[in-house]
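The next block holds one structure in the form of structure tokens; read it before the comments.
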Amino acid sequence: MTTALRVPEELSARVPAEQRGPGLERDAVRLLVSRGAEVSHHEFVELPRLLRAGDLLVVNTSATLAAAVDGHVGHARVMVHFSTRGDDGRWAVELREPDGKGTTRARAGGPAGTEVRLPEDVRLVLEEPLSADGARLWWARVSAPTGRDDDPDVLGLLREDGRPIRYAYTERDQPLSAYQTVFALPSADGAGSAEMPSAARPFTARLVAELVSRGVQFAPVTLHTGVASAEAHEPPYPERFAVPEASARLINAAGAGGGRIVAVGTTAVRAVESATGPDGVVRATEGWTGLVVTPERGVRVVDGLLTGLHEPEASHLLMLEAVAGRAAVDRAYEEALRGRYLWHEFGDVHLILPEGAIDNVDSAC
């Protein structure tokens, strides 16, 4: 990404699209479209005319959790972001501190043994860093209140006392419903994403119905996202995912039939590429993925990507470059800044398609 690019603070989307004016819905956002070095400007409601019959959208069905919980370390107030539940029952967590503006700022993690008091007299004890490269995220064990020997229900704690993770660029707290996409489904074990798979947020039931009526298919996958590195822009760490058999078949059939495989969000790319072999065949897979999609690794099955606009330092941009190439990403972001597009989870979106792919809509650069 061109290092000279800087996103002005006023281009942060502070509230959801539907709150910016009367009569607006989630799909009232702009859509920047890239096909190679060519860039065109659209509204998101034009998406059905930008895709073709036989194309397939890979969508993430993970529901967003109310993953932020107030706590105390000694007398100091902290905010705990519950990121990922491990197979051993521990949770990867991030501790942050209030910034006096209703949001939080980064806080050094650790040390091991630090105890955090949570609501309902639940205790959280930090045990070890998630990664040797940094101390932002820690594996922590949750213990029940004194006098009880049962395991505490962390997901119940989040439902009762949690709220959606919110960053300083947003204007105010939003209900959890504002962070759920139209594709979100409750998982059998109650797991979900610490942060919204936001690329799918502009979709409405009406728009999905129009896409289906035009012959565009959908393949659901699941990837439970962890807490993003808002300040440090660290690369992604292992996350739990699943690509079901029916979706694997749909993706393989669409590709074989000449349809374009377009992932809705970087999470969908990570899930489907983790289930794709070197032969380009997608197979039903579930578990943990540590895959980092880079230009060097490339993509094996994804042809296009619908995603939000990322900070110039964000590690996600390597994935965009893997799909489109660096020159195309640089060109698109220059146009996004020139066109005053809005950034972050409530902002505008960017559709990357193969070069020469738009043939249903007149475009203007």
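Index from 1, following the sequence.
E160 CD: 12 or fewer foreign heavy atoms inside a 6.0 Å radius.
The stretch residues 249-286 participates, sequence neighbours left out, in no ring pair (Phe, Tyr, Trp, His ring centres under 6.0 Å) pair at all. Among residue pairs with one or both ends in residues 175-186, none qualify as salt bridge (Lys or Arg N to Asp or Glu O under 4.0 Å); sequence neighbours excluded. Note on residues 170-182: pairs passing salt bridge (Lys or Arg N to Asp or Glu O under 4.0 Å), not counting sequence neighbours, are R166-D173. The ring pair (Phe, Tyr, Trp, His ring centres under 6.0 Å) pairs that include a residue from residues 103-129 number zero, where partners must be two or more places apart or lie in different chains. The list of salt bridge (Lys or Arg N to Asp or Glu O under 4.0 Å) pairs with a residue in residues 272-290, not counting sequence neighbours, reads E273-R297, D279-R283. Counting only residues at least two apart or on different chains, the salt bridge (Lys or Arg N to Asp or Glu O under 4.0 Å) pairs with a member in residues 66-76 are D70-R163.
For R77, there are no salt bridge (charged side-chain N to carboxylate O under 4.0 Å, His left out) partners at least two apart in sequence or on another chain. Remark: D55 pairs with R260 by the salt bridge (charged side-chain N to carboxylate O under 4.0 Å, His left out) rule, at least two apart or across chains. The salt bridge (charged side-chain N to carboxylate O under 4.0 Å, His left out) check on E10 picks up R340, with sequence neighbours excluded. Residues passing the salt bridge (charged side-chain N to carboxylate O under 4.0 Å, His left out) test with E127, sequence neighbours excluded: R90, R141.
Side-chain polar atoms of W139 and D88 form no donor-acceptor pair below 3.5 angstrom.
Aromatic rings of H344 and Y167 (six-membered ring for Trp) have centroids beyond the 6.0 Å cut-off, not under it.
The hydrophobic cluster containing F346 also includes Y179, M196, under a criterion of side-chain heavy atoms closer than 4.5 Å among ILVMFWY residues, counted directly or through chains of members. Cluster partners of V15, using a side-chain heavy-atom cutoff of under 4.5 Å among ILVMFWY residues and allowing indirect links: none.
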